[in-house]
Amino acid sequence: MKTFCGRANPTTGALDWVEESEEYDYHQEIARSCYADMLHDHDRNLKYYQGIRAAVGRVKARGEKVIVLDIGTGTGLLSMMALTAGADFCFAVEVFKPMAEAAQSIVKKNGFSEKIKIINKHSTDVTVGPDGDMQMKANVLITELFDTELIGEGALPSYAHAHQNLVQEGCEAVPHRATVYAQLVESELLWSWAQLQPVEVEGTRLVPLPTGAPCAGAHAVCDIQLSQVPPHSFTPLGPLCTMFNVDFSKPVSSAFQSHSSQFVAQAGGRAQVVLSWWDLDMDPSGSIVCTMAPSWTYKQPKTAPWRDHWMQSVYFLPVESSVSDGEELRLTVCHDDYSLWYSLQSPSQRSSQSEAAPSRPCCTCQAHLVWNRARFGELNDRRRTESYVSALRSVLREDSVCLGVSDGSLLPVFAHVLGAKKVYGLENSRMSEQVIEQVLEANSMKGAVELLEIRPEQLSSKDLGGEQISVLMGEPYFSTSLLPWHSLFFWYCRTALAGLLRPDAAILPRSATLHMAAVEFQDLWRIRAPCGTCEGFDVTPMDEMVQRSLDFRESLEAEPHPLWEYPCRALTPPTAVMTFDFTQCVPQQPISSQGSLPFTRIGRCHGVALWMEYHLTDDITVSAGLIGPVSEQGECEWSRHRKQGVYFFRSPGESSGDGRASVSYSFTFEPSLGDIKMDFSIEVQ
């Protein structure tokens, strides 16, 4: 039996529905899961174990049998901890069938089958009674239902149902309580991910959108590794505020709520962004705490635990506002059962407005529906914009007819400002077309760029008023691109448009190169590393399940990661391994490249980082990967705008740094697929 799955097609720039084995979705979900990351999180595991021991001890001290309900059991680890701590029986609930089956194997392997019952259901479907899934209600509730935003995985409805139906009144809960913290900051870097900023082009100040009521933006949380946002890139305007807490040992409400914290501004500036994270108190006294605080809050940042399953949250205020040092402010957080949003009020605003809770932010400009956070940052990158403007300036003439091929790109606007005779832009959707139209209207340029919602192969000379294209330009950026080389769709567009180009047409960028470097990850390796034994329990059945799914396909492919969030060291020199000449059409035959790179630094090689660089002209290059030289120690600085590709080795290789070992590589670009097949191996002389 077959199933249809969506896959990016670089030859068309579209998401194609392709026929796959019925097991494809199953294996992909397991391969891309973060179970290994959670099991490698020793701090999390230790705090849960301590909290479980304490909770079991409190129930036993009351002379009661300890009956545990473990919701979201995963591997069954927390249930096994509970039995080891003295619990009498555990009901372990896991909705994901493959994981429930793995938990069954792990529980059996560790000798707990008699006292742990795996229930393959959503907790809200679990029944209690003589013929139910649970024969009795539990008096200890253990859960791991949290995401970076705390409640985004439906923790509140699950807790509400459990207290009403599955656990005894006054039960012990691990964790016992969660506390959400927030801090108001000013940050040019972070705010650049929220709104399009004005830009100067040839002395003309381009404003982003028409004046009037500002767009509040998308309310969705921006979850990132906040430890990788250096403190010098933001200014705290207030103290770290305790916004609210949730006591999981009592009935929990999933209804809308709002909470406020009043404080005095500790600095003047522009209130733009709220940084947020949460703590888990594993016991009622708060003596066992698992915190999500970023590393720069620690006295010794290197001691901060690393985890990717729980990160930190960035929220963008609906409107940036000016605050003064010493000003009284009130920060308000609202939440429903799945998400949070923030707003800021000053005393003057509170006196002039009703006390109604702030409404959820909603995008009214459409830009937040077209561009993601990284794309906003890319469009607001002044240095990057200057590179494109300089490149355009070098190829434009008064009689230039320009065509832009990128999704939601400002290049056609820049070309008009620089004096092109006529400018066209191809857009992949009506919505992105409308966003660019708004930018043109805001700058009194309505009609200056003719936007066409048409595919490149369908474009005709008639659409161009009978003229030929003298400048074909792209960033390139396409919203369907997942991996760096998916932007080669620009090459296919250039090929489809060949009959409409002047013989001397300028192509911008002229070419692209694929680069690679073998790397040692500081922490990202954990998401792919087998666990073996976790806190004394054998979890190899999970390792085997994940590896089977990786071997199904994922282990043969690179996967996208924003490497600025995941520090790594380059163990080989960064090297261009393939070149794509956009001045020529896509060849009919495959392009291949083989070679090897010597290890020049000592370390453990976890895999290969891959990225694209775009050569706009002979002397202007824009990198979507490394944006600076690699340090002597191998430290890398990565672009925040695009994800890079990462190919993980099944087993890490050791590098002595003396050149005796190397990474051999083989790349093949398949024109019919628009994709790149790759293979790597570590060779030792």
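Quick caveat: nothing in here was measured; it's all calculated off a predicted structure.
Counted by atom type alone, Thr124 and His122 present one or more donor-acceptor pairs between their side chains at under 3.5 Å. For Thr533 and Asp538, the side-chain atoms include no donor-acceptor pair closer than 3.5 Å. Ser313 and Thr148 share no side-chain donor-acceptor pair at under 3.5 Å. Side chains of Tyr315 and Glu149: a donor-acceptor N/O pair is present below 3.5 angstrom, by distance only. Inspection of the Asp308 and Gln225 side chains reveals an N or O donor paired with an N or O acceptor under 3.5 Å. Between the side chains of Arg360 and Ser339, at least one donor N or O lies within less than 3.5 Å of an accepting N or O. There is no side-chain donor-acceptor pair under 3.5 Å between Asp279 and Thr179. Donor-acceptor pairing under 3.5 Å is recorded for the side chains of Ser227 and Ser295. Defined by atom type and a distance below 3.5 Å, a donor-acceptor pair is missing between the side-chain atoms of Asp543 and Thr540.
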Tell me, with the steps shown, if Glu94 and Lys121 meet salt bridge (Lys or Arg N to Asp or Glu O under 4.0 Å). CA-CA 6 Å; Glu94 176 55 53; Lys121 287 185 175 182; over 6 Å; no

Test salt bridge (Lys or Arg N to Asp or Glu O under 4.0 Å) on Arg62 and Glu172 and set out the steps. CA-CA 12 Å; Arg62 298 197 292 264; Glu172 300 289 342; 2.9 Å; yes

Between Glu559 and Arg528, is the salt bridge (Lys or Arg N to Asp or Glu O under 4.0 Å) condition met? List the steps. CA-CA 12 Å; Glu559 54 191 74; Arg528 289 290 169 267; 3.0 Å; yes

List the steps and the verdict of side-chain contact (heavy atoms from CB on, under 4.5 Å) for Asp337 and Phe256. CA-CA 7 Å; Asp337 47 357; Phe256 170 89; over 6 Å; no

Give the C-alpha distance, both sets of side-chain angles, the deciding distance and a yes or no for side-chain contact (heavy atoms from CB on, under 4.5 Å) between Arg604 and Glu654. CA-CA 5 Å; Arg604 171 167 283 197; Glu654 300 295 332; 2.7 Å; yes

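Separation of the His163 and Phe248 ring centroids does not fall under the 6.0 Å cut-off. Ring centroids of His335 and Phe244 are separated by less than 6.0 Å, placing the two rings close together. With ring centers used as reference points, Phe521 lies 6.0 Å or more from Tyr566. In this structure, Trp193 has its ring center no closer than 6.0 Å to that of Phe376. Here the two rings, on His561 and Trp638, have centers that are 6.0 Å apart or farther. Aromatic ring centroids of Trp277 and Trp310 lie 6.0 Å or more apart.
Because its NZ or CZ atom is not both nearer than 6.0 Å to the ring centre of Phe648 and within 45° of the ring axis, Arg650 does not count as a cation-pi partner of that residue.
For Ser276 (side chain) and Tyr181 (main-chain N/O), a donor-acceptor pair under 3.5 Å exists by modelled atom type. Not a single donor-acceptor pair under 3.5 Å links the side chain of Lys137 to the backbone N or O of Leu166. No donor-acceptor distance shorter than 3.5 angstrom exists from the side chain of Gln644 to the backbone of Ala609, with no hydrogens or angles considered. Put simply, the side chain of Asn139 never gets that close to the backbone of Cys171: no donor and acceptor are under 3.5 Å apart. In this structure a side-chain-to-backbone donor-acceptor pair under 3.5 Å is missing from Trp525 to Gly607. Within the 3.5 Å criterion, the main-chain N or O of Cys362 finds no donor-acceptor partner in the side chain of His368. The backbone N or O of Ala103 sits nowhere less than 3.5 Å from a side-chain atom of Lys108 that would complete a donor-acceptor pair. In terms of modelled atom types and a separation under 3.5 Å, the side chain of His486 and the main chain of Leu483 share a donor-acceptor contact. Side chain of Thr73 to main chain of Asp70: no donor-acceptor pair is present (N/O by atom type, distance under 3.5 Å, no hydrogens or angles).
Summarising the geometry, atom CZ belonging to Arg53 is positioned 9.5 Å from atom CD1 belonging to Ile288; distances are rounded to the nearest 0.5 Å. Asp133 contributes atom CG, which lies 9.0 Å from atom CG of Asp125 (distance to the nearest 0.5 angstrom).
Between Lys115 and Asp88, none of the side-chain N atoms (NZ, or NE/NH1/NH2) sits under 4.0 Å from a carboxylate O, so this pair counts as no salt bridge. Classification of Arg640 and Glu565 as a salt-bridged pair fails, no side-chain N sitting under 4.0 Å from a carboxylate O. A salt bridge links Glu520 and Arg569; the closest N-O separation between the charged side-chain nitrogens and carboxylate oxygens is under 4.0 Å. Using a 4.0 Å cut-off between charged side-chain N and carboxylate O, Arg307 and Asp41 make a salt bridge.
The side-chain heavy atoms of Ile151 and Tyr338, taken from C-beta on, include no pair separated by under 4.5 Å.
Under a cut-off of 6.0 angstrom, the local environment of NZ in Lys117 is crowded, with over 12 non-hydrogen atoms contributed by other residues, nucleotides or ligands.
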